[in-house]
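The block underneath contains the structure these notes are about, expressed in structure tokens.
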Amino acid sequence: MDVHSFLTDHQNSLVAQWADALFQTYPEEGAKFFSGSKNQFANPAGHTFRTNLDIIFRTLASGQGAAACTKELDEIMRIRAVQGFSPSVALCFLPALKEIVLREAVKIFPDKSVDELLRDWNRTVDQLIMLGFDLYVNCREILWQQKANQLYNRTHKLLERANLLKEEVAG
Amino acid sequence: MSDLPRPEALFANIDYTPPKADWMDVPTVIKPGRYCYAANPDSVNYVGLPHAHKWNPLDDDWGLPENWQEIIFNGLRERLHKFRSFKIFMDICVRCGACADKCHFFIGSGDPKNMPVLRAELLRSVYRGEFTTFGKILGRFAGGRKLTADVLKEWWYYFFQCSECRRCSVFCPYGIDTAEITIIGRELLNLIGLNIDWIATPVANCYRTGNHLGIQPHAFFDMIDFFCDDIEDITGIRPEPSFNKKGADILFITPSGDVFADPGTYTCMGYLILFEYLKREYGLDVTWSTYASEGGNFGFFTSHETMKRLNSKMYMEAKRLGAKWILGGECGHMWRVIHQYMDTLNGPDFQGSHMETPVNPITGTVFKNAAGTKMVHIAEFTADLIKHGKLNLNKKRNANIHLTWHDSCNPARGMGLLEEPRYVARNVVEKFTDMPEGTIREQTFCCGGGAGLNAGENDELRMMGGLPRANAVKYVHEKYGVNMLGCVCAIDRAVLPNSMEYWVPEVDVCGLHELVGNALVFPGEKERETDLRGEDLPGEDE
């Protein structure tokens, strides 16, 4: 069995473990809620997490690079970035994927050098972590930009009302 | 190098799982991004509320009065006696959990103390522990606990993470209104000077100048005049609104956000266009007040007494001007105060003695639903005009808009205003698609910033709380191409643009009367090239 077949054959179990790793970063009641209801409108965060982790895993397992998962990972990071986590906790479910796959791979390939076998996979997950970091920072920048715009607009409006602007300021 | 652990092993040794513990044992950590700054003592003093002092939620010492527990206990005792509903809500909850997963803040955050049942339990546990025999004897075994400084901080943190939207109450089999518990919780906190500034300063402003933003009468006039300039540029018609006109038939009052903050300003331009049209065509006599220049009522988020004081100016102004009735603009909580609290606050005569049951002078419709309040929502008024064929509307001017409708919590759940805005909307836009069931009408999701929580500093809270609403918008955007979210609430119009920018950047936000203003055709008006935002009308650039 090669790595691709291993990932494909075990994807349901691996994705479930990966989702658990994400849910466990929440308090017990929150984790229960997110992992429970499948209604996408009553439980938008849980639905997004479950659906998108599945798509991301399948995409990576099919050999496509992390960039192919940008939309799905962005939707997850958009939620994680505003839930009061420190950046490391917000992103911790991404490196967890390496550990989860490693744990299972050791069972399936007891006689082989698993590090060697998973080299490409681990590199892909590293790319996913980097992508996640970019997306997380982008989310935080949107929030800071909104604050900056609010202050800018307030000042601009006051100056405008006081007739202190000679010409329209760009921006 | 070989001694260094592998990255996998490093990560494997870090446990990100929060510890499992009973909720009473989970200490509250006050996090920036989730709370609003403490009230400015000058603002608290201005309206004579007690124990104004400077404090910081991140400090250990909140500068509480020495006898703060006694003040809270006396306040709680007084309210248990005064509000039978509150006493019942304290006693009858069986913790069935029907409300638990209905709060937008819990749905977005996963924080158990944002489950309505648990948020209420923060106060209910102290009621049991300090006021009931079982609770006093059995303590925690009976779900009771003592009021400590940490418990007080927990109250403050979570009662200001509830937007009093009342979605949870829709699902409670006992009819418990958890927002009422938040309201009392905030009242108690106000007894020892623990308000937030995004509420306290607007309250002081409103008490002084008549509106939350502190706009003085001449500046209020200037702003409206500024809109009239823009309307003249766009339509060729200059509205000539009247201000403080004695003897006017109708007094118009709207939230000050419509006068000051985009995109509410475009809605305000819509009102001006509508009134000018009705004046020219039918002789409608509406006046604006530069004193009662606020429909919103942040007193509602402070205490019943403060709510009453701020509400009264509208009716005192109507009496001073001799208006027959009041037409209210697109506001949220203003309507909840009027519809659900005002009669009880004022008694039967205050708002009724000098006014008449509202009658639309153009259609003859009697607004019997407003016989007590003497105040009609502009969505009802405009829907009535359209129903009677009194407006010449050209939907094509809004042809670039595919609208969906956000039922603003207070008008929707608080007064049942569900059909009128949709009726108006469908008459002014060509494309309208509702969001899925369970996210609209009585079960609508809050914008995330109601009840005084639209400060800049609690952006994470607003975004978390805004997720369920934005998620439903995203669905209709991706499936049907919706690109505009309409609403009849000034707080919504302030909160939702940032929320949309974060969650669904392709969707913009507007008020109902912005769309009416775009669609309304004056006899002989020049051909418009832009909409009220100054953007090209559909087809103009093709």
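Remember, it's a predicted structure, so these values are computed and weren't measured experimentally.
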What residues of residues 16-26 of chain A sit under 4.5 Å from chain B when only non-hydrogen atoms are counted?
A/Gln24, A/Thr25, A/Tyr26
Between B/Ala472, B/Ala470, B/Pro436, B/Pro468, who has the most heavy-atom pairs with chain A when the cutoff is under 4.5 Å?
B/Pro436
Would you say the side-chain atoms of B/Asp111 pair up with the backbone N or O of A/Gly30, donor to acceptor, closer than 3.5 Å?
no
Apply side-chain hydrogen bond (donor to acceptor under 3.5 Å, both in side chains) to B/Asp262 and list each qualifying residue two or more places apart in sequence or on a separate chain.
B/Thr265
Ignoring hydrogens and angles, tell me if any N or O in the side chain of A/Arg78 forms a donor-acceptor pair with the backbone of B/Tyr502 under 3.5 Å.
yes
Heavy-atom proximity to chain B below 4.5 Å, by part of A/Ser37
neither
What residue, out of A/Cys139, A/Ala45, A/Gly36, A/Ala81, has the most heavy-atom pairs lying under 4.5 Å from chain B?
A/Cys139
Do B/Met463 and A/Gln83 come within less than 4.5 Å of each other through their side chains, counting heavy atoms only?
no
Candidate pair B/Glu501 and A/Gln146, rule side-chain hydrogen bond (donor to acceptor under 3.5 Å, both in side chains), full reasoning
CA-CA 9 Å; B/Glu501 187 189 19; A/Gln146 289 186 346; 2.7 Å; yes
Which atoms of A/Ile142 approach chain B - backbone, side chain, both or neither, heavy atom under 4.5 Å:
side chain
Nearest 0.5 Å, what's the OG1-CG distance between A/Thr48 and B/Asn471?
6.0 Å
Of the listed A/Lys32, A/Glu75, A/Gln150, the one with the largest count of heavy-atom pairs under 4.5 Å with chain B is A/Glu75
Answer with side chain, backbone, both or neither: which region of A/Arg140 has an atom nearer than 4.5 Å to a non-hydrogen atom of chain B?
side chain
What residue in B/Leu467, B/Leu118, B/Thr439 has the most heavy-atom pairs under 4.5 Å with chain A?
B/Leu467
Under a 4.5 Å cutoff for heavy-atom pairs, which residue among B/His104, B/Glu437, B/Lys474 has the most contacts with chain A?
B/Lys474
Just to verify, what does A/Arg50 make a side-chain hydrogen bond (donor to acceptor under 3.5 Å, both in side chains) with, not counting sequence neighbours?
none
Residue part contacting chain A, namely of B/Asn114, when any heavy atom lies under 4.5 Å:
neither
Pick from A/Ala31, A/Ala42, A/Pro44: which one has the most heavy-atom pairs with chain B under 4.5 Å?
A/Pro44
Does any heavy atom of chain A fall under 4.5 Å from the side chain of B/Met435, the backbone, both, or neither of them?
neither
For B/Asp459 and A/Lys147 the tightest heavy-atom approach is OD2-CE, 3.1 Å
Run the salt bridge (charged side-chain N to carboxylate O under 4.0 Å, His left out) test against B/Glu154 and tell me which residues pass, sequence neighbours left out.
B/Lys113, B/Arg145
Using atom types as modelled and distance alone, determine if a side-chain donor or acceptor of A/Glu29 lies under 3.5 Å from a backbone N or O of B/Pro112.
no
Less than 4.5 Å apart, any side-chain heavy atom of B/Ile107 and any of A/Phe34?
no
A/Phe41 and B/Tyr475 aromatic ring geometry - parallel, tilted or perpendicular at 30°/60° bounds
perpendicular
